[in-house]
Structures are given as C-alpha cells and as structure tokens.
Student: 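The structure under discussion is supplied below as structure tokens; questions concerning it will follow.
Proteins get letters first, then strands, A, B, ... in listed order; numbering begins at 1 in each.
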There are 2 protein chains.
Amino acid sequence: MERPRGTRDFGVSEMSRRLAFEALLEEQARRSGFRRVATPVFESLELFTAKSGPGVVGQLYAFEDKGGRQLTLRPELTAPVMRAVANEFRQDPKPLRLSYFGPCFRYEEFKTGRYREFWQYGAELIGATGPIAEAEVLALAVSMLEASGLVDWEFKVGNVGVLRAVLAALEISDVVPEGATESPMASAMRFLDKGDDEGLEAMMEASKSDILSTLASLQGGLEVIDEARQLLGTIAGIDLSALDDLAITLNALSNLAPSPPTLSVDLTVARGLDYYTGMVFEAQVPELKGEGQVLGGGTYRLLHLFGLEELDPCCGFGLGFDRVLLALEKQAERLGREEVVPDENSGPGVVAVIPFKVPVEEVLPLLLQMRAAGERAVLELRSRKLGKSMAWADSIGAEHVIIIGPEDMENGVCTIRRLSDGEQTTPAMDGVLEALQGLR
Amino acid sequence: MERPRGTRDFGVSEMSRRLAFEALLEEQARRSGFRRVATPVFESLELFTAKSGPGVVGQLYAFEDKGGRQLTLRPELTAPVMRAVANEFRQDPKPLRLSYFGPCFRYEEFKTGRYREFWQYGAELIGATGPIAEAEVLALAVSMLEASGLVDWEFKVGNVGVLRAVLAALEISDVVPEGATESPMASAMRFLDKGDDEGLEAMMEASKSDILSTLASLQGGLEVIDEARQLLGTIAGIDLSALDDLAITLNALSNLAPSPPTLSVDLTVARGLDYYTGMVFEAQVPELKGEGQVLGGGTYRLLHLFGLEELDPCCGFGLGFDRVLLALEKQAERLGREEVVPDENSGPGVVAVIPFKVPVEEVLPLLLQMRAAGERAVLELRSRKLGKSMAWADSIGAEHVIIIGPEDMENGVCTIRRLSDGEQTTPAMDGVLEALQGLR
C-alpha cells in the first residue's frame, strides 16, 4: 500500500511548518482586506479547456463520473474562483478582495519542486481597475514573499498593454488569419516572451523588429520606463497610456510595500497566457533554477472565456506554496539559518505530564485544569522508568515536565522541571499554572 | 459553467466561519498534544477496498490514471493516515497523537447534510493502549463538541470487547463457515446493532438470545455497567475485562473533559465496522435526524487489512465538520442565538481608508504604516461621493473609517470615525494608530 506517485504525506514537523506558512500568508491578506473563499477540489473539465484550450487535458487528472459528466481535479485556482464569483458572488459589493488556498493537481513527470499534488495560495481583486488597484495586488504579493523570509528573489513587472500598443502602432494585426491558430500579434508576443529574435525578424520589416528587439533589451529598474518612453515616443499614433499606468503602479508600490530585493521592469514579459490584458508580474528564486517561479499574476479578463458576463478586468496572482517552502529550505541551508518559518506550535510550549509510580488516573484532574487554561499538556500513558519517560518528553519537544510521584501525591504537590537547564520547583497542585509561568 | 453537483463554493462569511471552527478544533487538539498530519487527496483504490470490501467502489470517485493505476478520491481519512503511519511515521516515538483535516468524497445521492465533497476532522492515538489512552481520545472528542457550542448532543459509548466476550462465552463462533460471508458472531453483532431480535432468535437458542436482548435493553448512564456485570456474571467462563476497562475509561473521562449533555452506555453498539476491537463511541445531534451522527470512533486494528505489520490497537475518531456546522446553524435558529461560531476575523476590526477628493496615491504611506502594525486597512479604490464610500465601508463590515480630504492632506491630519456611534477624532497622520486604539 503505497501512496500515489508524485504525492506526499506530511508528518507533524512538516505540517507544522505548512500551517505556520499558511497563517503567515493569511495574515498578510487579512491586513489588506482580502478574505478567504473556497471552491471544490474537482470541476467540470470544460472550465479548464475553455481557459487553456483542449491541449491542457493531457496534464489533467480528468475522469468521468457515474452520470457521464466530464470532471477533473483542478490544476489551478483562478478559473474556479472566477466561476464561483460569476455564479454566486456576483451580487456582493465590489470590489471583491478574495484569497484562496488549496491543493491543485497536475499530471506530469515528477521532479524536484514539481509534484502532482501541490498547493496554491492566491488573491484576486475583482471589480476595481486602474494602476492603484494593480499596485494593491502587487503590494500584497511583495508583502507575502517578504514576510516569508525569502531573500534574493527577483521580481519582474511589465504591462502587456504596452506591447499591444506598440504592435498595434506598428500595424501588427491582432486578428487570427483564416487557417492560422493565432494572430500575428500573438505570434510576436510569443517570440518576444521567449527572446526569439529570428522568429520576430521573419514576420515583419527590419525597422519594426529592431524597435521590438530594442524594447526587449531594456533592462533595469524604474528608469526602463523613461527609456521606453523615448524609444516608443517616435512611433506615429502610439498610445502610451499603459506605460503611464505602469509608472503610477510602480510608484504606488514603493509606498505600499517593503521594497523587493530586486525589481526589474520588463516590457516584453507576457506570461504566455492570452487572458492577461494589463500589468503582469513574476517572482523568481534563482536557487530553484528552472522551477524558480514562485509567484505570478497580472491583470486579466477571463469570464468571457466561460461564456459569462465580464466584470471589470481583474487583477490577481497565484503563489506556489510548495515552491516557496522549498526555496526557504534551500536558502536556510545556504545561509546557515536554523528556522525556516516560525513554528505555529511555538506559543506556550509543550508540558509533558509524567505520573511516576502513581496510577495515571490520579493526574487527570491536573490535565483538565491545564488544558482548560490553554496549556498544551501531554500525558505519559505508559508506566515505566523515569529515564525513559524523560526521553519521551524530549522527543515530543516538551519545554517542561511535571512529575508526580507517590509522595507528591500524598502531599498534594508535584515537581515542574524546565528541560533547557534543569531548573525546577515543587508547587502545590492548585498552583501549577502560576509555577509554570514562573519557569517561563 | 456550473460547479459539479453535490459540491459547494464557500463565500467569505461562510469561509470565515469554517476557518474559525477549524482553528477551534485545532486548539483543542493542540492542548492534548495532538498534532496535524496530512495525506494526499487521492489514494490507491485498494486502500479502501481492503478496509471496506469491494462493495465500497460504488460510493467512490474512482478513476484510472494515465499509467493504468486504479486511484480514488479518498472517502475518509483514517485509512490514509494509517497508511502514512505504516509507511513513513513508523519510526517516530510512540505514542503518536495525530490529528488531520481535509476534504473527503463520496459519490451518492445528494441530500441535506450529505455532500459529495465534505470535510472531516479527526484524531488518532497510536501505539498506546488501555482504558486511560481510550479516555484521552474520548476526552478530546467531548472537548471539541463542547467547545463548538453544540448543545443537546447525545453521546453513546460502548465496548465491542464486551459483546465479543459474551458471544464467545455463549459459544457463538467467530469463524466464517465454508460458503458463508460472515461468522455467526459477526451476524449476531449486526443484528444487535440494528435491534433485529428476530434475526437473533433465528440463529441461537432462546436462553442465549434472551441474554443478548436483555443486554441490548440496558440503557442509561454509568449504572449500565453494574447492571451488565450482574446480568453477565452468571455466564460460565465469561471474561469481563472489557467491561472493567470501560468502567475505568468512563471514570477517567469524567476527570478529563467537561461532561457531555447526555452520556449513555450502550453495550451493543458495534458501529457496523469489523475493525473495531474495543471501546466505541458516537455523538448524535437530534436536529439532524437521520444524518445526525456528527462524530464516531473507537479502538481498532486496521493495518493488518493492508498487509502491514500491526502496531498496538489504535484509538481515534472522525468528526463530521460540515454536519457540526449544520447542527450549530439549526440550533442557533432554534435558540435564537446570533453567532454560531466566533468570527475568525473578529480580531482588530476592519478600517476602511477613504481618500475623498484627494489622489488615492497620497494615502498609501498611511496604509503601509497601518498594515505593518497588523491593522486591517482596506482602501477605497474608487473616487466617488462620500455617502457611497461610507455605504461600501459598511458593506465590508468596517468598524472604523479614516477619511482624508484635501484640507486634511494640507494640515497633515485625518478623520477617524467609529461607525457604531459616529464618535470621531482628528489626529495627526503619524498619530493614527494611537487614535484608533483610543476609539476602540
């Protein structure tokens, strides 16, 4: 009986880390007013084929239910959340600030950092548009990665509206020609996203492909925006409002969130997905190499793909929960740091309660009293030598032990020992809680 | 694009309730030293057919992956957790105190309280046996239901060891006869569990079925144990140690947990599952009628069914997360209570930040300052009439609004208003956090 390939079991330490990381992300979302929603683990297959085309089926855990309905385990969470918004949350006051977290499934070759069951945390701002709305979403993304303790991550921000405006002004059509699968504009964006200069040159005059290659070569921080403005300002009839918006967004971001370690403006990043319409962004962690994208998102229109009435363009992102944890682990190794994320069990520490040569029943009222006060009181269930019980207490990460022997029982006292240094005290049974505080 | 039948989307209020309930259960588990583990959403089909027989397939979301492996969405969590224990946590120091929470899937007719995707919270104590270990598990179950705010729930506790001992002493065999599907002992337990006296009478002498019917008729609290001891003490060669254990367990429970509203001892409850070997228990909520079982568990042996080396018998339970929430809702209605479970967002309340006739960019530093201090600062993204912005603030549940107008901006101040009574103050921008505290 093995677990299915590409999936994982999470033991207590790993789960404790994951719950702590989830809580950390949730806290950042909470501060910006984003609130959690949830959707089913499986959906209609057509939800994802509508979004990504029929080719996506090969990467899905698709199945038929007994009623012959085509279902699939969800490969991502944006489409399900937008479906839920359209079906059920449409009447809620706008803008909606939603967050979500859950397992997603992808049927693909198993390798490091790519599991078949993986977790995604994400956020969507729905029903408000403009550069400040986009900055709010960017700021949440940055705050989450900063709060996670990740270092040296690379943040890339662009705006597909800029590229679309350039291509339109260069008269590269966005209409799909008879018999073709994509428009010239889509082809050009794909070539630029991949850095394929030859593909670009083959499809347009050199004067045009030169401008695009130069645009792609602009690299750096905020100064890229002014450089682009100079480069593009010479094109007749060009609409540079997307570039102006990006400048406002990035300026607002610097007021709304801690600075990311590196921020690069890249005006040809297109994220390979047709439904993005404005600002787009990605975060990369060099340690993870090819699997280094830990977060990605942007401004998009999705609902029309499902045949649903469009809300304003939405802006959101998905965060690769497992990848960030993996990156934190690798960075902790490299930097010699001990704790990767704070242990959610770190609150009041574990107290191991050891009845020694007394019937275990006798200590139950003490346990109830401690637990009712919020203490984490773990009972030694086996009668055995004190050394063995102490080793057990250590193995469960206890900070203190309470030992009750036969004489203690008679005198109504017990011994509390702090395991870090052996410091101990012998309070009356009804003074255990105070005595414990005194030893903290 | 509809969500699949029998599944649900959870909006922000419902999700807030669910997260709060999960946190409440987690807190109870934490106090008793139970720690969270997690397993995949899908498993090998044979894990569940080994546990429950091939008949279970009809209730499963089973599918084949592209490698031809038979998989299924998990219908429950005990079997996966025990598989993980056997495969991966076997070397961890015993006893293991594990808790778990996640979605499970059951393909069946959709009706109230029975969803095709539903959530289970559970706990298992592994590697420690005896009546006190069983009391620890019972106490956790009781503490969880009590902490949830549920009232009038019925708790039924038994011990299948008692029934097995009676049947053994009455010489009802536990061997499956050639050509039969179950042993006479299993048939008798099934009849008793269902209250089918005729079935019982048909399979044994009247003197024997009389004893069993009388045993089944014993109802009440702890006194049932003494009544049973009198009834059964007359049977030659009977081993009553399971009855003694149950007495110790129930006595320990009364020291370890708040008293459940009603506790009934029922010595013929068998929970319909072969793998229980000792103490068994169930919690029912009358409001939910046929779907009223909100929690169930007991002491069991499971690993041998998977061909895995047995650990000590384990003791655990599953809690129907959705059913408890449904019961709380119904009880809140009946009792006229307002809050069902505390809102996890109830901490520091929402503060709506409204730039009024000033560029929204100007208030971003204030937002960053507030969020960095842990405040929940939600920005009004749309420039519009103050009345509309105030209505929006109300719609998101804001407790305070901060309004910044053009004159405020010039003077470096803002207005903070408490929405419950209109009380307001006009602090300097760098005194907003203190002023907010003053209005709480």
Side-chain angles (χ1 to χ4, degrees), chain A residues 1-4 7 9-12 15-16 19 30-33 35-44 47 63 65-66 71 83-84 87-89 93 95 103 107 117 128 132-133 136 252 255-257 306 308 350 360-361 364-365 367-368 371 374-379 381-382 392 395-396, chain B residues 1-4 7 9-12 15-16 19 30-33 35-44 47 63 65-66 71 83-84 87-89 93 95 103 107 117 128 132-133 136 252 255-257 306 308 350 360-361 364-365 367-368 371 374-379 381-382 392 395-396:
Chain A
M1 294 282 177
E2 295 293 324
R3 68 163 189 275
T7 65
D9 293 319
F10 300 109
V12 291
M15 224 18 226
S16 162
L19 290 169
R30 193 190 66 83
R31 291 184 189 181
S32 297
R35 298 184 65 186
R36 193 83 85 79
V37 295
T39 61
V41 161
F42 54 83
E43 293 276 353
S44 299
L47 182 68
F63 59 99
D65 76 5
K66 282 153 193 129
L71 301 174
R83 177 199 51 69
N87 291 345
E88 280 151 273
F89 316 146
Y107 195 92
E117 181 183 39
I132 303 296
E136 274 264 67
N255 281 315
L256 258 181
F306 310 152
L308 296 167
V350 172
V360 63
E361 288 93 321
L364 302 183
L367 280 174
L368 177 57
R371 290 172 185 169
E375 291 289 344
R376 199 163 160 206
V378 186
L379 177 62
L381 282 165
R382 290 166 295 185
W392 160 79
S395 78
I396 62 166
Chain B
M1 295 283 178
E2 296 293 325
R3 67 164 191 277
T7 65
D9 293 320
F10 300 109
V12 290
M15 223 18 225
S16 162
L19 290 169
R30 193 191 65 80
R31 291 183 189 180
S32 296
R35 299 184 66 187
R36 193 83 85 79
V37 294
T39 60
V41 160
F42 55 83
E43 294 275 352
S44 298
L47 182 68
F63 59 98
D65 76 5
K66 283 154 191 129
L71 301 174
R83 176 200 52 68
N87 290 345
E88 279 152 271
F89 315 145
Y107 195 90
E117 181 183 38
I132 303 297
E136 274 264 68
N255 282 314
L256 258 181
F306 310 152
L308 297 167
V350 171
V360 62
E361 289 94 321
L364 302 183
L367 279 174
L368 177 56
R371 290 173 184 169
E375 290 289 343
R376 201 162 157 209
V378 186
L379 177 63
L381 282 164
R382 291 165 295 184
W392 159 80
S395 78
I396 62 166

Student: Of the listed residues (A:E2, A:E361, A:R382), which shares the most heavy-atom pairs with chain B below a 4.5 Å separation?
Tutor: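 Ranked by heavy-atom pairs under 4.5 Å with chain B, first place is A:R382.
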Student: Between B:V12 and A:V37, is there a side-chain heavy-atom distance shorter than 4.5 Å?
Tutor: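 Heavy-atom side-chain distance check passes, below 4.5 Å.
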Student: Are the side chains of A:I132 and B:L379 in contact, using a 4.5 Å heavy-atom criterion?
Tutor: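 In short, these two side chains touch, coming nearer than 4.5 Å.
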Student: Determine the option with the most heavy-atom pairs under 4.5 angstrom with chain A, choosing from B:S395, B:G11, B:G374.
Tutor: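 Of B:S395, B:G11, B:G374, B:G374 has the most heavy-atom pairs under 4.5 Å with chain A.
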Student: Looking only at heavy atoms, what is the nearest atom pair of B:P40 and A:T7, with distance?
Tutor: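 Shortest heavy-atom separation between B:P40 and A:T7 comes out as CG-OG1, 3.3 Å.
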Student: Side chain, backbone, both or neither: which part of A:V360 has an atom under 4.5 Å from a heavy atom of chain B?
Tutor: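 Side chain of A:V360 only, per the 4.5 Å heavy-atom cut-off to chain B.
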Student: How far does CG of A:D9 sit from CZ of B:F89, to the nearest 0.5 angstrom?
Tutor: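 Separation between the atoms: 5.0 Å.
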Student: For residues A:P4 and B:S44, report the shortest heavy-atom separation together with the two atoms involved.
Tutor: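 Heavy-atom minimum between the residues: CG-N, 4.0 Å.
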Student: Shortest non-hydrogen contact from B:A252 to A:L364?
Tutor: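 B:A252 and A:L364 have their closest heavy atoms at CB-CD1, 3.3 Å.
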Student: Looking only at non-hydrogen atoms, find the nearest pair between B:L47 and A:M1 and report the distance.
Tutor: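 Looking at all heavy atoms of both residues, the shortest contact is CA-SD, 3.7 Å.
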Student: Which bit of A:P95 comes within less than 4.5 Å of chain B, counting heavy atoms only: side chain, backbone, both or neither?
Tutor: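 A:P95 touches chain B through backbone and side-chain heavy atoms alike.
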Student: So which atom in A:G33 and which in B:V378 form the shortest heavy-atom distance, rounded to 0.1 Å?
Tutor: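 For A:G33 versus B:V378, the nearest heavy atoms are CA-CG2, 3.4 Å.
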Student: Looking at side-chain heavy atoms only, is the closest gap between A:R35 and B:I396 below 4.5 Å?
Tutor: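 Of all side-chain heavy-atom pairs linking B:I396 with A:R35, none is under 4.5 Å.
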Student: Among A:L71, A:T39, A:L367, A:V41, who wins on heavy-atom pairs under 4.5 Å with chain B?
Tutor: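 Max contact count across the listed options: A:V41.
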Student: Are side-chain heavy atoms of B:R376 and A:R31 found at a separation under 4.5 Å?
Tutor: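 Result no, sub-4.5 Å side-chain heavy-atom pair not found.
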Student: At a 4.5 Å cut-off on heavy atoms, which part of A:A84 comes close to chain B: side chain, backbone, both, or neither?
Tutor: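 Looking at A:A84, backbone and side chain both touch chain B.
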Student: In Å and rounded to the nearest 0.5 Å, what is the CD to CZ distance from A:E117 to B:F42?
Tutor: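 With rounding to 0.5 Å, CD (A:E117) is 6.0 Å from CZ (B:F42).
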Student: With side chains defined as the heavy atoms from C-beta onward, is the minimum distance between B:N255 and A:L368 less than 4.5 Å?
Tutor: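 Of all side-chain heavy-atom pairs linking A:L368 with B:N255, none is under 4.5 Å.
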Student: Compare every heavy atom of A:E43 with every heavy atom of B:R3, then report the nearest pair and how far apart it is.
Tutor: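 Minimum heavy-atom contact is CA-OE1, 4.4 Å.
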Student: Measuring from B:R30:CZ to A:E375:CD, what's the distance to the nearest 0.5 Å?
Tutor: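 Rounded to the nearest 0.5 Å, the CZ-CD separation comes out at 8.0 Å.
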Student: Contact between B:R371 and A:S32 at the side-chain level, heavy atoms closer than 4.5 Å - yes or no?
Tutor: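 Yes; the side chains approach each other to less than 4.5 Å.
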Student: Can you tell me which portion of A:D65 sits under 4.5 Å from chain B's heavy atoms? Options are side chain, backbone, both or neither.
Tutor: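 Both parts, backbone and side chain.
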Student: Report which part of B:P365 has an atom under 4.5 Å of a heavy atom belonging to chain A: side chain, backbone, both, or neither.
Tutor: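 Both backbone and side chain of B:P365 come within 4.5 Å of chain A.
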